[in-house]
Amino acid sequence: EVQLAESGGASVQPGGSLILSCAVSGFTFSNYAMYWGRQAPGKGLEWIASIGNLGSNKIYSDSVKGRAAISRDNAKNMLYLRLDSLKTEDTAMYYCAKGKTLGIRRSGPLPSDYDYSGRGTQVTVSS
């Protein structure tokens, strides 16, 4: 059974940093691209970062580019997202998602590119 579990969400002040984690099981992690997305209150799901299966290819949405770093540890079946210089508009539920293939699109994923996601971890940025 494919399982993804996000953690690391917290309430932080603007300008702060967080590292989100995603523990996965039930599939060969190193064979698949992975994604981070978020959903702010009252808004739709927003993709923010992609990483290829071996971790060398990464892309980010404009909303987090320069402030985010996606990484993975294939030996530990773990996906990470570091967010720096947090803004109030970063407040959202953050999700990790499993890709259907090993590669990523340079233009960002289509909804059909991923198949499983976790339940999310809440990030709240406020002063």
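Residue numbers run from 1 in the order of the sequence given.
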Engineer: Just jot down the salt bridge (Lys or Arg N to Asp or Glu O under 4.0 Å) partners of D73, sequence neighbours excluded, or say none.
Structural biologist: none
Engineer: Please name all residues satisfying side-chain hydrogen bond (donor to acceptor under 3.5 Å, both in side chains) with N77, sequence neighbours left out, ordered by chain then number.
Structural biologist: none
Engineer: Is it true that D113 and K100 make a salt bridge, defined as a side-chain N closer than 4.0 Å to a carboxylate O?
Structural biologist: no
Engineer: Tell me if a side-chain donor or acceptor on K58 pairs with a main-chain N or O of I70 at a distance below 3.5 Å.
Structural biologist: yes
Engineer: Side chains of I48 and S63: closer than 4.5 Å at any heavy-atom pair?
Structural biologist: yes
Engineer: Between S126 and T124, does the side-chain hydrogen bond (donor to acceptor under 3.5 Å, both in side chains) criterion hold? Intermediate values first, please.
Structural biologist: CA-CA 6 Å; S126 68; T124 302; over 6 Å; no
Engineer: Using the rule that two of Ile, Leu, Val, Met, Phe, Trp, Tyr join whenever any of their side-chain heavy atoms come within less than 4.5 Å, decide whether I51 and L45 are in one cluster.
Structural biologist: no
Engineer: By side-chain hydrogen bond (donor to acceptor under 3.5 Å, both in side chains), which residues pair with N57, not counting sequence neighbours?
Structural biologist: none
Engineer: For the OG1 atom of T88 and the CG atom of D90, what is their distance to the nearest 0.5 Å?
Structural biologist: 8.0 Å
Engineer: Can you tell me how far the SG atom of C96 sits from the CG atom of L4, to the nearest 0.5 Å?
Structural biologist: 4.5 Å
Engineer: Show me the pairs that pass ring-ring contact (aromatic ring centres under 6.0 Å, His included) and involve residues 82-102, at least two apart or across chains.
Structural biologist: none
Engineer: With heavy-atom distances below 4.5 Å as the criterion, would you say the side chains of R105 and L110 are in contact?
Structural biologist: yes
Engineer: Got a sec, which residues hit ring pair (Phe, Tyr, Trp, His ring centres under 6.0 Å) with Y35, two or more places apart in sequence or on another chain?
Structural biologist: Y114
Engineer: Keeping to residues at least two apart or across chains, list the side-chain hydrogen bond (donor to acceptor under 3.5 Å, both in side chains) pairs with something in residues 2-19.
Structural biologist: S17-D84
Engineer: Output every pair passing disulfide (SG to SG under 2.5 Å) with a member in residues 32-65, not counting sequence neighbours, ordered by first then second residue.
Structural biologist: none
Engineer: Nearest 0.5 Å please: distance from the CZ atom of R82 over to the CG atom of L18.
Structural biologist: 9.0 Å
Engineer: Starting from L81, can I reach Y116 by hopping between I/L/V/M/F/W/Y residues whose side chains sit under 4.5 Å apart?
Structural biologist: yes
Engineer: Has the side chain of R67 got a donor or acceptor atom that lies under 3.5 Å from a matching backbone atom of S85?
Structural biologist: yes
Engineer: Can you name the closest pair of heavy atoms from K98 and V2 and give their distance?
Structural biologist: CD-CG1, 4.3 Å
Engineer: Working to the nearest 0.5 Å, report the span between CG of L79 and OG of S71.
Structural biologist: 7.0 Å
Engineer: Can you sort out the partners of T101 under side-chain hydrogen bond (donor to acceptor under 3.5 Å, both in side chains), two or more places apart, ordered by chain and number?
Structural biologist: none
Engineer: Salt bridge (Lys or Arg N to Asp or Glu O under 4.0 Å) with K65: which residues, sequence neighbours excluded?
Structural biologist: D62
Engineer: Name each donor-acceptor pair under 3.5 Å that joins a side chain in residues 20-34 to protein atoms two or more places apart or in another chain, with its distance.
Structural biologist:
none

Engineer: Nearest heavy-atom pair of V64 and R38: which atoms, and what distance?
Structural biologist: CG1-NH1, 3.9 Å
Engineer: If a pair satisfies disulfide (SG to SG under 2.5 Å) and one of its residues is in residues 39-69, list it, with sequence neighbours excluded.
Structural biologist: none
Engineer: So among L83, L86, T91, which one has a side-chain contact (heavy atoms from CB on, under 4.5 Å) with V12?
Structural biologist: L86
Engineer: Can you tell me how far the CD atom of Q39 sits from the CE atom of M93, to the nearest 0.5 Å?
Structural biologist: 9.0 Å
Engineer: ring-ring contact (aromatic ring centres under 6.0 Å, His included): which pairs involve residues 38-78, sequence neighbours left out?
Structural biologist: none
Engineer: Looking at every heavy atom in both G52 and I104, which two are closest together, and how far apart are they?
Structural biologist: N-CG2, 3.8 Å
